[in-house]
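Below you'll find the structure, written out as structure tokens, and then a few comments.
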Amino acid sequence: MEKTYTPESIEQRWYPAWEQSGCFAPSGQGRPYTILLPPPNVTGTLHMGHAFQHTLMDCLIRVHRMKGCDTLWQVGVDHAGIATEMVVTRQIEAAGGKRDDFTRDEFIDRVWQWKHESGSTITAQMRRLGASADWSRERFTMDDDLSEAVLETFVRLHEQGLIYRGPRLVNWDPVLQTAISDLEVVNQDEQGKLWSIRYPRSDGNGDVVVATTRPETLLGDVCVAVHPDDERYRDLVGKTVQLPLTGREIPIVADEYVDPEFGTGCVKITPAHDFNDWEVGARHGFDPINIFTPTASINDNAPEAYRGLDRFEARDRVIADLTELGLLVEEKPHAMVVPRGDRSGQIIEPFLTDQWFVRMDELGRLGLAAVESGKVEFVPGNWINTYRHWMENLQDWCISRQLWWGHRIPAWYDADGRVYVGRSVNEVREFHGLGADVALEQDPDVLETWFSSALWAHSTLGWPDPERMEHEGFERYLPTSVLVTGFDIIFFWVARMIMMTGHFTGRVPFEQVYITGLIRDRDGQKMSKSKGNVLDPIDLIDGIDLDALVEKRTSALMQPQMKAKIEAHTRDEFPDGIPAFGADALRFTFAALAGHGRDIKFDLSRCEGYRNFINKLWNASRFVLMNLGDAVVDRSATTDADVISRWIRSRLNRAISEVDRALADYRFDLAAGALYEFVWHEFCDWYLELAKPALADDADPAVAASTKRTLAEVLDAILRLLHPMIPFVTEEIWQQLKPSLDIETDFLARASWPEADAIDETAEADTEWLQAIILAVRSARTELQLAPGKPMPLLIQQATGEDRERLTRFDALIRRLARLERIEQVGDERDSGDCAVQLAGSMRLLIPLAGLVDIGEERARLEKQLERELKGLEQAEKKLANERFVANAPDAVVAKERTRLAEHQRKTEELKTQLERLRQL
RNA sequence: GGGCGAUUAGCUCAGUUGGUUAGAGCGCUGUCUUGACAUGGCAGAGGUCACUAGUUCAAAUCUAGUAUCGCCCACCA
């Protein structure tokens, strides 16, 4: 083995070996354990959020595989309608073409071509990360069988009356020219303006003033509304006003919707362009007047002067004209909420179109019940509130999109516009008795991506085809065990899966949902391309130099003016670029940071620290392997006489229990922490150091054999425990270790998970005693600035019988680790005035100074210790002096406090006495 | 407007049902090239647990309120 761990030299090797050996396929044996990968976009590349979540999923999968479960990680990619269509459109434009030059079929061919080119990018990256998925079952949401599931779902929901088509006000993206769902609209706080406009009364008796943030929609106003109880306007209800610029006369109506406190208390009502106004208009029986084309330009329903203007030009023109007419009362800045499309970033228009909807009342109740009943459990549990709130306020789901890329809606229209839904045009003709002479045209729209994603759990398991369900293990793997995902898709995906899988299979898609935090940058900012603070997980694995990183972050920016700022910030945060940490270090970092209920600030220094940890493991393994040599370890060697080995085994058992408990609760951070602590601070810092004398030439052969066995077995267990988090390096080391243990299993990836054995209290007590004495000597040595390597004697007073026995037993170990030339037990008559005194348990440890040290320094040291003891003493005394504490606290707590008090008293006395002796010198 | 979360060492975070002198990593200080490892060893310094009031023998932990920050949801033109 090399002296230093170098990830690049080992990580490439193991993945193909695992994959080719079929390590990742379900075994068909044992309890099923299944995780669904939230399918990433086919056009996408792996980002930090993926890498984080995939690491956690892979940990869970690998642990359960090692525990003997029938483990299935179902992976795949999503066709991602709008996102993919935008990417391909941009490619066409970048090549100097225009999307309009393509027919629908040509465009779709082009997208498929891109899918074939880029579809494997992200899966290749997942392999670099070590994701142990069963790639033979990889699916794409537009595969034939998954498309069949979509078709079947649509038709059945339609038959059940849960899908309907109709004219509704929807969120319309005028640039992409498609409807989008409520969820795809992000409401942003922006600074806008509020205009007050005068509407003259038809009877000439003055006017009313309305306030609006959208003056251009005035052209589609149907009435003005006031609150029914508003005294100011009571007499006006039923009267009419002249709608400026249009020549139309519109009535004044009374409606509770109006807030009399806001503005003038008069509201213009534009049903075709505002969701609230739609409701108001409907209540009062007005037909909406749509003034926009699909690109949000003014259409022919408006006066000629405005036709053809886009919505922003129209606004300017309307304001100018109103000003000229003297009808503009006021214009003032106004903080408002602007709806924007989450993909395009464009301002969304409420727009009247025919769309397909899924009725959500019944499905919503089903989805709510699945969670309320505990069949689906959120981790952390408080996410149930978010889920419940949304489910209780569901709106019907707009599923049609005016796009080309996606599942085509299985509906056909005849010449009269009658609609027929069916699995195919032939089925439609047959069912409805439509002859070949009746022309049928398929609905041009496609279904939104989340419609097919919602079926992911059961469609990937073969639904609705009974044969495929049998083959894919539908019975066995559904419900899946846990879904690992971010809170941002609880509504988009989690809720809809629960509803769809529930509705069609009567099962829940997963038993638990583990909601992860968001990966943010060092400063807590969300990572985004436009901010230029994105980290690429592959760059953390392979490393990247500063210039390349800057180039990557500043190329193809939407806002080129950000370039200088991004570059400066990047050069500040990564002055030396990013070193190659390797996939294992990145994975361990993710695990260690994965606490509950909070986002994660990704700090490179953590990654570096865990890379160092792996290096530590690497070198500890080198040490073990070096000492084991070529021989097979004697696994019958007894550890009875080897307290130190019994101790590390006992500590290992504790670590195993802790890791098991942590992982059961999805506390990857605690599991990682427990392993870090055990490996570094117990195994390396103590056991390996204590093993050195035990393996020396002059050591007891029985203890040497026991030590060798324990070194090998504990390292083996460590590698198994760490494997789910750091699979590559553990496999590499384990392959070298396994001959020593004569293990037949081919890969660590399918070796068994360690089981915790009994705790050895005796061995732990002995070793703690040993550690205390060594630490005491080391500490005194450093504080008195004695040469660390200089051998010195240690005198011991007031040893109990147990102390004496242990001193004899551990003499060599203490001398070696505390670097002492000899240990001598002396009586109380030995004056300690010339010694440094350290207290350990009941013992006084004397280090003869022989003028090596300034007495003043020793006195200062003792006074510092005395101060601490006095503080503890005071606290204990105070507690015990409190009668109510003694009366009410549990006996064990009181007894503990008494022991503590006695200990502080004794130590305080010792220190005082010793200080007195020094003073007398 | 409603909901959720956070506030603990210079930084990033643990702290399980209330019970030692509140822990870790990184950083910092001192020291050591000891045959596994300087991506290291050893030893240290560093905290009024945001604030206030309560409950309790006992509060970082429970309750109420305050402040600051973050996120989600919501139709105020």
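Below, read A as the first sequence line, B as the second, and so on, with proteins coming before strands; counting in each chain starts at 1.
- Residues passing the side chain to side chain contact (heavy atoms under 4.5 Å, CB included) test with A:Lys332, sequence neighbours excluded: A:Leu194, A:Glu330.
- Judged as a salt bridge (charged side-chain N to carboxylate O under 4.0 Å, His left out), the pairs with a partner in residues 579-597 of chain A (not counting sequence neighbours) are, in order, A:Asp58-A:Arg587.
- Pairs of Watson-Crick or G-U wobble type, with distances under 3.5 Å, assemble into runs of 3 or more in RNA chain B at these ranges: B:1-7 with B:67-73, B:10-13 with B:23-26, B:28-32 with B:40-44, B:50-54 with B:62-66.
- Classified by interplanar angle (parallel below 30°, tilted 30° to 60°, perpendicular above 60°), the ring pair A:Phe613/A:Trp680 is parallel.
- Counting distance only, with no hydrogens placed and no angle test, the side-chain atoms of A:Lys3 and the base atoms of B:rA38 include no donor-acceptor pair under 3.5 Å.
- Contact annotation for A:His904: base contact, defined as any heavy-atom pair under 4.0 Å involving a base atom.
- In this structure, the nucleotide among B:rG15, B:rG19, B:rC26 sitting nearest to the side chain of A:Val893 is B:rG19.
- A:Arg868 contributes no side-chain N or O that forms a donor-acceptor pair with the base of B:rU21 under 3.5 Å.
- The side chain of A:Asn187 sits closest to B:rA74 out of B:rC76, B:rA74, B:rC42.
- Taking only distance into account, the side chain of A:Glu897 never meets the base of B:rA58 through a donor-acceptor pair shorter than 3.5 Å.
- For residues 690-699 of chain A, the pairs satisfying side chain to side chain donor-acceptor pair (under 3.5 Å) are A:Glu689-A:Lys692, with sequence neighbours left out.
- Atom pair A:Tyr387:OH and B:rC73:P shows a separation of 16 Å (rounding to whole Å applied).
- Between A:His596 and A:Phe668, the distance separating the two ring centers is not shorter than 6.0 angstrom.
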Base versus backbone protein contacts along nucleotides 1-13 of chain B [heavy-atom cut-off under 4.0 Å; B, S, -]: ---SSSS----BS

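- Annotation: salt bridge (charged side-chain N to carboxylate O under 4.0 Å, His left out) contacts involving residues 259-270 of chain A, sequence neighbours excluded, comprise A:Asp221-A:Lys268.
- A centroid separation of 6.0 Å or more is found between the aromatic rings of A:Tyr610 and A:Phe581.
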